[in-house]
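The structure appears below as structure tokens.
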Amino acid sequence: MTNHSSLDNTMTFTSYGLFRPINYFFFTLTFLAHILSIFCNVLLMLLIYFDSSLHKPMYFFLFNLAVNGLIGGFAIWPKIMENLLSETQNISFLACVVQLFWAYFYLGTAYTTFSVMAYDRYVSICKPLQYHSIMTPGKVKTLLTAANIVPLCCVSIMPYLISTMPLCRYTIKNLFCDVMTFLNIACVKSALVNLYGVGLVTSLVVSPCIIVLLSYAVILNVSLKASKDAQKKALSTCSPHLITFVNFALAILFFAVYYRYNSSLPGEVSILITVDVFLIPPLLNPIIYGIRTKEIRKCFVKTVRKRERFLRFLL
């Protein structure tokens, strides 16, 4: 039994197949989607940062979600695009572990951010008169810090556990590095890694989901007893968050099911799952919030009009 978990080992992706001209087509699609995702998230972040009317807890959390979307995109897509244009799809062990860390940090932070956003909506709708006394600047900073630090601490242990596993193979069947890959190619199944993975899912996925579901159950109960105008207001403020959360939760569900039964499913499913988890949410989240959130729409239109007037003045 040879331990291949040292930092100088090279691992090979096997899901890309041989280099073919069609890879240029997939590279182009991936590149355009990734660039569009970057543009949408950066635009949303700039709008929130520069417009003082958006300096509210809800938009601070949304800013954090946009930053996390950029992290998720940069975690895997540059390497995927490189592999599409390369005749050999290799990655060093160290780079693979680093990619795994940022990919799982993205997943965990997305869930914790959704949970604090749900809590914010709960306070806003169910306790409107107490909102400003509850969601103080200090409270918002604490929630934002927790939404990032908790996943960071939880995920940071995983690379160390992975590095201690003796590996018997160097092949990666997925498009990127993930925990199940290392478990499948390890010489000995690690009960500790399995157990820690369960704890990771419980703390970063199940618990935030419970918070979101409970928050919206209470919101729904309160809204049903409110006036029609109050119901419309609650729907307009909550629908973007619900749409993005449901989309992300379904993507993660498919992700978990695939990696539980990946030995019996076709390899093309890996591509769909990767796109569904790491490309669609970062791309759709800023678009959905931009379309469905009235204040962001107003801010965007105001910014565009200012630029038009400035260009007319120059011309």
Check your understanding: Does the side chain of Val155 reach to within under 4.5 Å of the side chain of Leu100, using non-hydrogen atoms?
Key -> no
Point to revise | Centroid-centroid distance, Phe278 to Phe176, less than 6.0 Å | key: yes
Point to revise | Salt-bridge contact Glu82-Lys79 (side-chain N to carboxylate O under 4.0 Å) | key: yes
Check your understanding: With no hydrogens and no angle check, is any side-chain donor or acceptor of Thr293 less than 3.5 Å from a backbone partner on Ile296?
Key -> no
Check your understanding: Of all heavy-atom pairs between Tyr104 and Val179, which one has the smallest distance, and what is that distance?
Key -> OH-N, 3.3 Å
Exercise for review: For the pair Asn221 (side chain) and Ala217 (backbone), establish whether a donor and an acceptor sit closer than 3.5 Å, ignoring hydrogens and angles.
Suggested key: no
Review point. Between Thr112 (side chain) and Ala147 (backbone), is there a donor-acceptor pair under 3.5 Å?
Key: yes
Revision key, fill the gap. On a heavy-atom basis, the closest approach of Thr113 and Thr109 is OG1-O, 2.7 Å
**Study point:** Thr181 side chain to Asn184 side chain, donor-acceptor N/O pair below 3.5 angstrom
**Key:** no
Study note, to complete from the structure: Only residue of Ile287, Ile35, Asn285 satisfying side-chain contact (heavy atoms from CB on, under 4.5 Å) with Cys40 is Ile287
Exercise for review: Go through Phe300 and Leu47 one step at a time and tell me if the side chain to side chain contact (heavy atoms under 4.5 Å, CB included) criterion holds.
Suggested key: CA-CA 7 Å; Phe300 178 74; Leu47 288 175; 4.1 Å; yes
Practice item. Would you please indicate yes or no on a ring centroid separation below 6.0 angstrom for His34 and Phe74? Key: yes
Study note, to complete from the structure: Closest heavy-atom pair, Cys238 versus Arg121, reported as atoms and distance to 0.1 Å, is SG-CB, 4.2 Å
Point to revise | Heavy-atom side-chain proximity of Leu204 to Leu107 below 4.5 angstrom | key: no
Practice item. Run the ring-centre check on His241 versus Tyr289 and record whether the distance is less than 6.0 Å. Key: no
Review point. Are the aromatic rings of Tyr216 and Tyr122 close, with centres under 6.0 Å apart?
Key: no
